[in-house]
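This report refers to the structure that appears directly beneath it.
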Protein chains: 2
Amino acid sequence: MAGPKGSKYYNIFLKFKVWLENTKGESILGNGKFELIDGIDQLGSLKAAADKLGISYRKAWGMIRDAEEKLGFCLTEKHRGGQHGGNSVLTPEGKELIEAYKELLLEFDDAIYQITKKFFNKVNK
Amino acid sequence: MAGPKGSKYYNIFLKFKVWLENTKGESILGNGKFELIDGIDQLGSLKAAADKLGISYRKAWGMIRDAEEKLGFCLTEKHRGGQHGGNSVLTPEGKELIEAYKELLLEFDDAIYQITKKFFNKVNK
DNA sequence: ACCCGATATGTAATTAGAAACATAAGGTGA
DNA sequence: TCACCTTATGTTTCTAATTACATATCGGGT
């Protein structure tokens with residue numbers, strides 16, 4: 001809860017978001033894409049990752065293309081055809097990126113907790 | 001710059017955003033509205049603040065109404081008519097809020113700086 | 001009484017973004 | 001060679017979010 005019961009900011013929350021951006025100010029990838037990439041890592045296919053997140057394959061595919069295009073290198077290695085129709089796995093760079101991002105989130109959560117507390121303290125009389 | 005020249009993440013940046021949200025997951029106010037409120041504080045009128053931000057009066061007015069509605073208390077005190085047509089000033093609560101927000105941003109910047117350094121270190125080979 | 005400039009607000013028009021639809025292509029095993 | 005499943009991608013349809021347009025109100029000063 002954001003503040004003590006009855007305070008002005010009771011049940012109001014401070015939220016935040018982090019993402020990577022290029023010099024043009026375009027978003028390269030944020031939480032949604034990270035989750036998708038993580039899903040590919042876990043499940044071994046874009047289709048399966050998309051299903052897990054409840055988004056269409058078309059959308060998921062576009063997300064990956066967009067991210068890789070803007071980064072300038074590939075996060076995934078795709079294979080189509082074959083016994084199971086195809087599959088996708090992370091490149092070493094992709095793997096590195098999600099690992100770093102996971103740690104980033106942890107550290108962020110920590111920092112945020114402190115800052116949030118201070119904010120509501122100040123604002124709640 | 002995000003990393004050393006030639007590194008994979010050269011000219012890629014970590015960005016963030018903070019905002020207030022209610023229990024329904026609706027955004028109450030973020031950076032745009034804070035800037036507007038700050039403008040009102042500095043310039044003494046919604047019109048002037050809107051002009052400063054390059055947005056229409058109609059839009060600015062809607063932003064304030066929306067924020068106040070969702071917060072459940074007023075951030076501004078509006079007067080219409082009179083010698084100069086009218087004016088708006090911040091309520092004590094409004095003033096408090098932008099002050100707290102400004103400090104919040106500073107602390108956020110600080111945290112981001114630390115975390116960013118670590119992130120790009122890990123990800124740039 | 002009227003003018004001015006700012007607040008107040010409904011409605012219509014435009015745009016952007018997301019989701020849905022459709023279809024091709026690739027490779028392995030039956 | 002055909003079936004199967006996944007990657008690959010263009011096009012179109014919806015929907016949500018902005019922006020634009022149009023007006024009304026208010027009160028001090030001239």
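Reminder, nothing fancy here: chain letters follow the sequence lines and each chain counts from 1.
Trp61(A) places its CH2 atom 8 Å from the P atom of dA8(D), with the value rounded to the nearest Å. Between the P atom of dA17(D) and the CZ atom of Arg58(B) lies a distance of 16 Å, rounded to the nearest Å. Atom-to-atom, NE2 of His84(A) to P of dG29(C) comes out at 9 Å; the value is rounded to the nearest Å. Rounded to whole Å, the distance from CD on Glu68(A) to P on dA8(D) is 9 Å. Spacing between atom CG of Asp51(B) and atom P of dT7(C) amounts to 10 Å, rounded to whole angstrom units. Atom NZ in Lys59(A) sits about 21 Å away from atom P in dT6(D), given to the nearest Å.
Residues of residues 37-48 of chain B that place a heavy atom closer than 4.0 Å to DNA chain D do not occur. Near DNA chain D, meaning a heavy atom under 4.0 Å from it, residues 69-81 of chain A has Lys78(A), His79(A), Arg80(A) in order of number.
In this structure, the side-chain hydrogen bond (donor to acceptor under 3.5 Å, both in side chains) partners of Asp66(B), at least two apart in sequence or on a different chain, are Lys33(B), Lys70(B). Applying the side-chain contact (heavy atoms from CB on, under 4.5 Å) test to Asn31(B) and every residue at least two apart in sequence or in another chain returns Glu35(B), Tyr101(B), Leu105(B).
Close to dT7(C), at under 4.0 Å from its OP1 or OP2, lies a side-chain N or O of Ser88(B).
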Show me the side-chain donor-acceptor pairs of residues 13-20 of chain B shorter than 3.5 Å, one per line, residues at least two apart or across chains.
from: Lys15(B); atom 1: NZ; to: Glu21(A); atom 2: OE1; distance (Å): 3.3
from: Trp19(B); atom 1: NE1; to: Glu21(B); atom 2: OE2; distance (Å): 2.9

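Under a 4.0 Å N-O distance rule, the pair Lys122(A)/Glu96(B) does not qualify as a salt bridge.
Evaluation of the salt bridge (charged side-chain N to carboxylate O under 4.0 Å, His left out) test over residues 76-86 of chain A, restricted to residues two or more places apart or in two chains, returns Glu68(A)-Lys78(A).
Ser7(A) contributes no side-chain N or O that, together with a main-chain N or O of Asn124(A), makes up a donor-acceptor pair within less than 3.5 Å.
Residue contacts shown for Gly85(B) include a base, since a base heavy atom lies under 4.0 Å away.
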